[in-house]
Amino acid sequence: DERSRHATFAKRKNGLVKKAIELSILCDCEIALVIFNSQGKLTQYASGNIDQTLSKFIDEKPMESYTNDSYGQFCGKEEKDKIEV
């Protein structure tokens, strides 16, 4: 149901932001995270100046790039079977 989906989104979004902050601090890397919810509302996190980070994103060719189709690379078979991509 919609209420459950919203609660799941909020929890996972907060967990993702927390992981982004930890990665930035522990690995001294630059991160910009952009999330649009199902209503199109924006949440963003940046470890520095988001405009500068996004300019780099636009101007540079990625060393690595992932989509939903890449999901299997990051989980085991049991996990993969749980989520339909």
Side-chain angles (χ1 to χ4, degrees):
D1 85 2
E2 190 61 30
R3 178 183 255 170
S4 175
R5 183 180 295 265
H6 179 72
T8 299
F9 173 80
K11 288 178 187 176
R12 288 184 173 252
K13 177 189 71 175
N14 290 340
L16 185 58
V17 171
K18 181 181 176 190
K19 291 292 186 185
I21 293 168
E22 291 170 351
L23 182 63
S24 171
I25 292 168
L26 296 173
C27 299
D28 190 29
C29 61
E30 186 176 352
I31 296 177
L33 176 63
V34 177
I35 303 169
F36 288 95
N37 70 9
S38 59
Q39 288 82 39
K41 293 184 179 178
L42 170 66
T43 299
Q44 73 180 40
Y45 161 74
S47 57
N49 182 309
I50 195 163
D51 293 325
Q52 289 177 352
T53 303
L54 293 178
S55 289
K56 287 182 188 179
F57 169 75
I58 291 167
D59 295 340
E60 295 183 22
K61 186 174 179 176
M63 184 177 78
E64 298 176 273
S65 181
Y66 303 103
T67 67
N68 286 359
D69 294 334
S70 309
Y71 183 72
Q73 294 176 241
F74 299 98
C75 63
K77 181 171 175 12
E78 286 181 18
E79 248 186 300
K80 189 176 179 182
D81 292 342
K82 286 182 193 175
I83 297 182
E84 215 175 287
V85 182

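Numbering of residues begins at 1 and proceeds along the displayed sequence.
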Considering non-hydrogen atoms only, spot the tightest contact between D1 and S4 and give its length.
OD1-N, 2.7 Å
To the nearest 0.5 angstrom, please state how far the CD atom of E30 sits from the CD atom of Q52.
7.5 Å
D28 CG: over 12 foreign heavy atoms closer than 6.0 Å:
no
Would you name the heavy atoms of S70 and F74 that are closest together and state the gap between them?
O-CD1, 3.4 Å
Pairwise distance NE2(H6) to NZ(K13) - rounded to 0.5 angstrom:
7.5 Å
Say whether I25 and L16 are linked into one hydrophobic cluster, either directly or through other cluster members, by side-chain heavy-atom distances under 4.5 angstrom.
yes
Taking all atoms of both residues into account, what is the closest heavy-atom pair of Y45 and I50, and its distance?
O-CD1, 4.3 Å
Closer than 3.5 angstrom, by distance alone: can the side chain of S24 be matched with the main-chain N or O of C29 as a donor-acceptor pair?
yes
Could you walk me through whether V34 and L42 pass side chain to side chain contact (heavy atoms under 4.5 Å, CB included), step by step?
CA-CA 7 Å; V34 177; L42 170 66; 3.6 Å; yes
With rounding to the nearest 0.5 Å, note down the distance linking CD1 in I31 to OG1 in T53.
9.5 Å
Is there a side-chain contact between F9 and S38, using heavy atoms and a 4.5 Å cut-off?
no
If I take atom CG from residue L26 and atom CD1 from residue I21, how far apart are they, to the nearest 0.5 angstrom?
11.5 Å
Let me check something: do L23 and I35 share a hydrophobic cluster, defined by ILVMFWY side-chain heavy atoms less than 4.5 Å apart, either directly or through other members?
yes
